[in-house]
Amino acid sequence: MKATLLHKAGKIKKGATVDLGAKTGTNDERGPNDLGGASTTSAPVYAITDKDGQTENVDTRDLTIVR
C-alpha cells in the first residue's frame with residue numbers, strides 16, 4: 001500500500017510517497033512538536049520505505065493513504 005508522508009521522518013522528506021510495510025508497534029504518546037499536536041491516544045506505527053530504499057517507523061497519523 002502507498003501513502004504520502006505528512007511529516008519529515010528521519011531522512012525521508014515530508015510529502016514523499018512511501019510504501020507501507022509491517023506494523024512495528026504503537027505510539028502511546030505524542031508531544032506538542034508532533035504533527036497533530038500532543039495526544040495520549042495510542043496509534044499503530046508502521047515501517048515505511050521511500051523510493052530510495054530508506055526505511056523509518058512512522059505513526060499512522062503522519063500518513064495519508066494513496067489509492
Side-chain angles (χ1 to χ4, degrees):
M1 184 180 300
K2 298 260 186 208
T4 301
L5 189 61
L6 300 174
H7 194 285
K8 183 177 185 264
K11 295 182 180 180
I12 304 175
K13 294 181 181 179
K14 176 181 175 181
T17 299
V18 296
D19 291 311
L20 260 63
K23 182 177 175 183
T24 60
T26 59
N27 186 357
D28 295 327
E29 190 171 320
R30 292 168 58 93
N33 295 327
D34 291 317
L35 183 68
S39 174
T40 57
T41 304
S42 295
V45 173
Y46 283 86
I48 61 163
T49 305
D50 71 359
K51 63 180 176 66
D52 296 325
Q54 300 172 118
T55 301
E56 296 288 342
N57 292 322
V58 175
D59 186 315
T60 55
R61 293 172 282 203
D62 292 335
L63 300 167
T64 296
I65 301 301
V66 176
R67 298 192 193 265

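Predicted, not measured: the structure shown is a model, and the values here were computed from it. Counting from 1, the numbers follow the sequence of the chain as shown.
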TODO: Apply side chain to side chain contact (heavy atoms under 4.5 Å, CB included) to Ala9 and list each qualifying residue two or more places apart in sequence or on a separate chain.
DONE: Leu5, Glu56, Val58
- [ ] Would you please name every residue forming a side chain to side chain contact (heavy atoms under 4.5 Å, CB included) with Thr49, sequence neighbours left out?
- [x] Thr55
Open item on the list: Can a donor-acceptor pair be found, under 3.5 Å and without considering hydrogens, that links the side chain of Asp52 to the backbone of Gln54?
Closed with: no
- [ ] Please answer whether the main-chain N or O of Gly10 pairs with a side-chain N or O of Lys8 as donor and acceptor at a distance below 3.5 Å.
- [x] yes
- [ ] Measure the shortest side-chain to side-chain distance between Leu20 and Thr60 over non-hydrogen atoms and say whether it is less than 4.5 angstrom.
- [x] no
Task: Cluster check Met1, Val45: I/L/V/M/F/W/Y, side chain < 4.5 angstrom - done: no
- [ ] Check the hydrophobic clustering (I, L, V, M, F, W, Y; side-chain heavy atoms under 4.5 Å; chains of links allowed) and say if Ile65 and Tyr46 are grouped together.
- [x] no
Task: side chain to side chain contact (heavy atoms under 4.5 Å, CB included) partner of Arg61, chosen from Thr64, Leu63, Asp59 - done: Asp59
TODO: Kindly state each residue pair satisfying side chain to side chain donor-acceptor pair (under 3.5 Å) with at least one member in residues 16-26, sequence neighbours excluded.
DONE: Lys2-Asp19, Thr24-Asn57, Thr26-Asp28
